[in-house]
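First comes the structure, then the notes that go with it.
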2 protein chains.
Amino acid sequence: MRYSIQEVAAKTGLSSYTLRYYDKAGLLPFVARNTAGYRIFTDGDLVLLHTIMCLKNTGMAISDIRRYIDDVMAGPTSIADRKALLTAHRAKVLAKQQQLTENLREVDYKLGLYAAPDAVTQVQGELAAARADKAANGLADPYPAS
Amino acid sequence: MRYSIQEVAAKTGLSSYTLRYYDKAGLLPFVARNTAGYRIFTDGDLVLLHTIMCLKNTGMAISDIRRYIDDVMAGPTSIADRKALLTAHRAKVLAKQQQLTENLREVDYKLGLYAAPDAVTQVQGELAAARADKAANGLADPYPAS
DNA sequence: TCTTGCCTTAGAGTTCACTCTAAGGTTTAT
DNA sequence: ATAAACCTTAGAGTGAACTCTAAGGCAAGA
C-alpha cells in the first residue's frame with residue numbers, strides 16, 4: 001500500500017507538519033516521492049516510522065534518532081554503532097523509569113493523604129509544621145491567616 | 001537551618017538560575033527574604049521544593065505545579081483541587097510509564113537482534129524486506145548499494 | 001476550464017524551560 | 001577601606017521540537 005502524508009498523519013497521530021519536520025531533520029530519507037514531489041509512504045516506511053516514534057517516545061533526541069536512521073540506511077556495517085546507541089539509550093530509559101516509579105509513589109502518598117477521612121486535620125498539621133519551621137528560624141509566616 | 005540560594009542549588013542539583021526562574025513563576029512564594037532582599041530557604045521550604053521537583057520530574061508543567069503550590073498556600077480548603085490535580089496527573093504518569101515499558105521492550109528486541117551471532121544475516125534480511133516493499137510498490141530503492 | 005483541495009518549499013513564529021548578562025547592592029575578609 | 005564574592009532584578013538569549021504561513025504547483029470532480 002501507498003500512503004499520502006495526511007494518511008500517515010492519521011495513522012500515527014503525528015501532524016503532517018511534524019512529519020515534514022522529521023523529513024527535514026533527516027529522519028525519513030527512505031520515503032519516496034512521485035513526479036510532482038509528493039511524499040509516498042509504504043508499509044515498510046511505517047515500520048521504520050514506528051521505530052522512530054518508539055525512540056522519540058522514550059526521550060531520544062532527534063539528532064540521535066537521525067544517527068540511528070543513518071545507521072539503518074548504511075546496512076549491516078553499522079550494527080556496532082546501533083548497538084552502542086541503543087545500549088546507552090536503554091540505560092537512560094531504565095533510570096528514568098525507576099525515577100518515575102519513585103516519584104509516583106510520592107504522588108500516591110499525597111493522594112492517600114487528601115483522600116483520608118481526616119484529610120483536613122492532616123493538612124492543617126502540615127501547615128502548622130511549616131509555620132513552626134518559619135518561626136524557629138525567626139522568619140515571617142508566609143501562609144495566609146488560617 | 002537557613003540556606004542561601006547557592007546552598008539550595010548544591011543540595012537539589014537545580015541551578016540558582018532555575019531556582020530564581022521558579023520563584024519568578026510563582027513556585028516559591030513561601031521563601032523568605034532578609035532585609036537586603038536575599039532569599040532565605042528553610043528545611044520546610046526544602047520539603048516543598050522536593051515536592052515541586054517530584055511533580056516536575058514526572059512531567060508536570062510549571063503552570064500546573066504553580067496551581068498546586070497556590071493550593072498548598074491556601075490551606076485545607078483547597079484539598080479537593082489538590083486531589084483533582086494529582087489524580088489527573090497520576091493517570092498521565094501511569095500511562096507514560098506503561099508506554100515507556102512497551103517501548104523499552106522494542107528497544108530490547110532490537111538490541112537482542114544486534115547482539116545475536118547472526119546479527120549481520122538478520123539485518124540483511126530486514127534490508128531485503130524493505131527493498132522488496134519498495135519494489136512491490138513500484139518505487140526506487142532508497143538504500144545504498146549492498 | 002475552473003474550482004476545490006490536496007501537496008510542495010522556505011522560512012518565520014511559538015512554546016517551554018531554562019540560561020545568561022548587565023547593572024547594581026550587600027557581606028566578608030584583609 | 002577596599003576587594004572579592006556573594007546576592008538582587010529585568011530582561012535578553014538559547015535550544016529543542018514543533019507549528020504555522022506564504023507562495024505556488026498538482027489533481028480530481030462539475
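Quantities reported herein were computed from a predicted structural model and do not represent experimental measurements. Just so it is clear: chains get the letters A, B, ... in the order the sequence lines come, proteins before strands, and each one is counted from 1.
- Counting any heavy atom pair closer than 4.0 Å across all strands shown, B/S4 reaches sugar-phosphate atoms only and no base atom.
- At a threshold of 4.0 Å, the pair A/D71-A/R82 does not count as salt-bridged, since none of the basic side-chain nitrogens sits closer than that to a carboxylate oxygen.
- The nucleotide whose nearest atom lies closest to any side-chain atom of B/Y21 is, among D/dC18, D/dC20, C/dT19, C/dT19.
- In this structure, the CZ atom of A/R2 is 12 Å from the P atom of D/dA27, given to the nearest Å.
- There is no side-chain donor-acceptor pair under 3.5 Å between B/T51 and A/E106.
- Between the CG atom of A/L19 and the P atom of D/dC18 there is a distance of 10 Å, rounded to whole Å.
- Backbone-only contact: B/A61 has heavy atoms under 4.0 Å from sugar-phosphate atoms and none from a base.
- The distance from the CG atom of B/L111 to the CZ atom of A/R90 is 7.0 Å, given to the nearest 0.5 Å.
- The distance from atom CE of B/M53 to atom P of C/dA17 is 15 Å, rounded to the nearest whole Å.
- Rounded to an integer number of Å, the gap from A/R66 CZ to D/dA17 C1' is 16 Å.
- If you measure from atom CG of B/D23 to atom C1' of D/dT9, you get 12 Å, rounded to the nearest angstrom.
- Projected onto DNA chain D by closest heavy-atom contact, B/E7 and A/Y17 fall at different nucleotides, the more 5' of which corresponds to B/E7.
- In this structure, A/K24 atom NZ and D/dC20 atom C1' are separated by 10 Å, rounded to whole Å.
- Salt-bridge annotation for B/D45 and B/R39: absent, with no side-chain N of the basic residue lying under 4.0 Å from a carboxylate O of the acidic one.
- Using a 4.0 Å cut-off, no side-chain N or O of B/S16 falls inside it from OP1 or OP2 of D/dC7.
- Of the N and O atoms on the side chains of B/D133 and A/T42, at least one donor lies less than 3.5 Å from an acceptor on the other residue.
- Between the P atom of C/dA17 and the CG atom of B/D64 lies a distance of 9 Å, rounded to the nearest Å.
- The interatomic distance linking B/I5 (CD1) with C/dC20 (C1') rounds to 14 Å, in whole Å.
- Interface residues of residues 33-45 of chain A facing DNA chain C, ordered by number: A/R33, A/G37, A/Y38, A/R39; criterion, heavy-atom separation under 4.0 Å.
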Practice prompt. Apply side chain to side chain donor-acceptor pair (under 3.5 Å) to B/D81 and B/Y68, showing your working.
Written response: CA-CA 8 Å; B/D81 194 60; B/Y68 181 76; over 6 Å; no
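- At C/dC6, none of the side-chain N or O atoms of A/Q6 fall inside 4.0 Å of OP1 or OP2 (strictly under the cut-off).
- The cluster map of Ile, Leu, Val, Met, Phe, Trp and Tyr, joined by side-chain heavy atoms under 4.5 Å apart, puts A/L127 and B/V47 in different clusters.
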